[in-house]
Trainee: 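Okay, here's the structure, questions in a sec.
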2 protein chains.
Amino acid sequence: MATEVDLDRTDFAILRLLMKDAWLSNKEIAAAVGLAPSSCHERIKSLRTRGVLVSAHAEVNLQAIGFPLEAVLFVQLGKLEGQVVDKFLKSTAAIPEVRGVFLVSGRFDLLVHVVVHDMEHLKEIISQHFNRHAVVVRVETSVVFNHEARHVMPLAENKGKSAIS
Amino acid sequence: MATEVDLDRTDFAILRLLMKDAWLSNKEIAAAVGLAPSSCHERIKSLRTRGVLVSAHAEVNLQAIGFPLEAVLFVQLGKLEGQVVDKFLKSTAAIPEVRGVFLVSGRFDLLVHVVVHDMEHLKEIISQHFNRHAVVVRVETSVVFNHEARHVMPLAENKGKSAIS
DNA sequence: CATATATTCGAAATTTATTCGATTGACTGT
DNA sequence: ACAGTCAATCGAATAAATTTCGAATATATG
């Protein structure tokens, strides 16, 4: 598993820009970080092959396509047998309406973020999926009033660990 | 606020592709949905101006840049006065380590997803930010064992509501 | 200080994005 | 059914960006 990589200030600048806006052209990024387009291109290619830059995803306005309601499900699971839980996790993540799954420690075992058309739709997902599996002990549902996703480097400017370490 | 938009099967196909991989070229998308590049380009432009396609963000391997630990904070807030809560939400979202903030109904008021270097770093964020604000009544912390984000259309194939409705 | 390695650059070659007028197809009202 | 209106699609031309690559520069190593 790729855990550590050497990145300099310029790499971080590139990553920071692409996290904010993956639609930036190579030319624009090059200008922003002070490199020639060819050099910048080389670095981006390297970041991808090294597994730092993983992918890019477009964000669509889910309200606009008929999903105005969001919820978080707090799921308690029974005695965790690796196999069964893993299967349930996979099948949960495979539901189109599911936007994220967190397997966590503490009072709950699983947090599931879903988007739905309406309350009926939400009820359907819970009753058809979660209340059907034996591993699920209990589900608590919270409606999401407001949700903000942050696509920024979790690091203050110029705090990139250089290769000097 | 833009809530409803007319989208046909092709629009959904384009959105589905871009959600999965925002690095696809216009040419590739055009081929995949069976349009000429110029037509596809026109549609994508329209999707953006209509506010359906909002943005795109690169996903970086946070392990690789020194953030191997994730946590979810369950926050209870005091009597919700709009102004104060709103300010606290904004300041929370402004923390670089925060990846998402959910204002929810139910047992907790706020869910915060954070990435950190280590436990010390996590403790620091909680004590420096959350335990410093009067609105915060209580914080429960869960370590994230596993986290899967889903970047797919929350809709089964060919289930796009056509303009016929 | 000399050697080896990695980065950077600029220019050429390739590919892609973008514009635009003409054509096709779909919808409206009579 | 039919003419008229509007929107979508296409292909070709132009503009712009990506990608490759050898030479030059900088950086690290012994």
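Note on naming: letters A, B, ... go to the chains in the order of the sequence lines (proteins, then strands), and numbering restarts at 1 for each one.
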Trainee: Are B:Val54 and B:Leu47 connected in the hydrophobic side-chain network, where two residues link if heavy atoms are under 4.5 Å apart?
Mentor: no
Trainee: Hey, could you give me each pair passing salt bridge (charged side-chain N to carboxylate O under 4.0 Å, His left out) that has a residue in residues 127-149 of chain B? Not counting sequence neighbours.
Mentor: A:Arg107-B:Glu140, B:Arg138-B:Glu140
Trainee: Please identify the 5'-most and 3'-most nucleotides of DNA chain C with any atom under 4.0 angstrom from a heavy atom of chain A.
Mentor: C:dT7 to C:dG10
Trainee: I need a per-nucleotide contact map over nucleotides 8-30 of chain D, read 5' to 3'. Cutoff is protein heavy atoms under 4.0 Å; write B for the base, S for backbone only, - otherwise.
Mentor: SSBB-----SSSB----------
Trainee: Give the table of side-chain donor-acceptor pairs shorter than 3.5 Å for residues 37-44 of chain B, with sequence neighbours excluded, one pair per line with atom names and distance.
Mentor:
{"from": "B:Arg43", "atom 1": "NE", "to": "B:Asp11", "atom 2": "OD1", "distance (Å)": "3.1"}
{"from": "B:Arg43", "atom 1": "NH2", "to": "B:Asp8", "atom 2": "OD1", "distance (Å)": "2.6"}
{"from": "B:Arg43", "atom 1": "NH2", "to": "B:Asp8", "atom 2": "OD2", "distance (Å)": "2.2"}

Trainee: Can you check the B:Asp6 CG to D:dC6 P distance for me, whole Å?
Mentor: 18 Å
Trainee: Once rounded to the nearest 0.5 Å, what's the spacing between atom CG of B:Leu111 and atom CG of B:Leu103?
Mentor: 9.0 Å
Trainee: Start with the C-alpha gap between B:Leu110 and B:Val112, add the side-chain angles, then the distance that decides, and say whether side-chain contact (heavy atoms from CB on, under 4.5 Å) holds.
Mentor: CA-CA 6 Å; B:Leu110 202 62; B:Val112 184; 4.1 Å; yes
Trainee: Going by the rule side chain to side chain donor-acceptor pair (under 3.5 Å), which residues pair with B:Ser46 if we only count those two or more places apart in sequence or in a different chain?
Mentor: B:Arg50
Trainee: Please set out all donor-acceptor pairs under 3.5 angstrom arising from side-chain atoms of residues 64-79 of chain A, sequence neighbours excluded.
Mentor:
{"from": "A:Glu70", "atom 1": "OE1", "to": "A:His113", "atom 2": "NE2", "distance (Å)": "2.7"}
{"from": "A:Glu70", "atom 1": "OE1", "to": "A:His147", "atom 2": "ND1", "distance (Å)": "3.2"}

Trainee: Got a list of side-chain donor-acceptor pairs under 3.5 Å for residues 90-102 of chain A, not counting sequence neighbours?
Mentor:
{"from": "A:Lys90", "atom 1": "NZ", "to": "A:Asp86", "atom 2": "OD2", "distance (Å)": "3.3"}
{"from": "A:Ser91", "atom 1": "OG", "to": "A:Lys87", "atom 2": "O", "distance (Å)": "3.4"}
{"from": "A:Ser91", "atom 1": "OG", "to": "A:Phe88", "atom 2": "O", "distance (Å)": "2.9"}
{"from": "A:Thr92", "atom 1": "OG1", "to": "A:Phe88", "atom 2": "O", "distance (Å)": "2.7"}
{"from": "A:Thr92", "atom 1": "OG1", "to": "A:His129", "atom 2": "NE2", "distance (Å)": "3.0"}
{"from": "A:Glu97", "atom 1": "OE2", "to": "A:His121", "atom 2": "NE2", "distance (Å)": "2.8"}
{"from": "A:Arg99", "atom 1": "NH1", "to": "B:Val152", "atom 2": "O", "distance (Å)": "3.1"}

Trainee: So how far is it from B:His57 NE2 to A:Asp21 CG, rounded to the nearest 0.5 Å?
Mentor: 7.5 Å
Trainee: Tell me, please, which residues at least two apart from A:Lys123 pass salt bridge (Lys or Arg N to Asp or Glu O under 4.0 Å).
Mentor: A:Glu120
Trainee: Return the angle between end axes of the helix from C:dC1-D:dG30 to C:dT30-D:dA1, with five pairs used per end and rounding to 10°.
Mentor: 50°
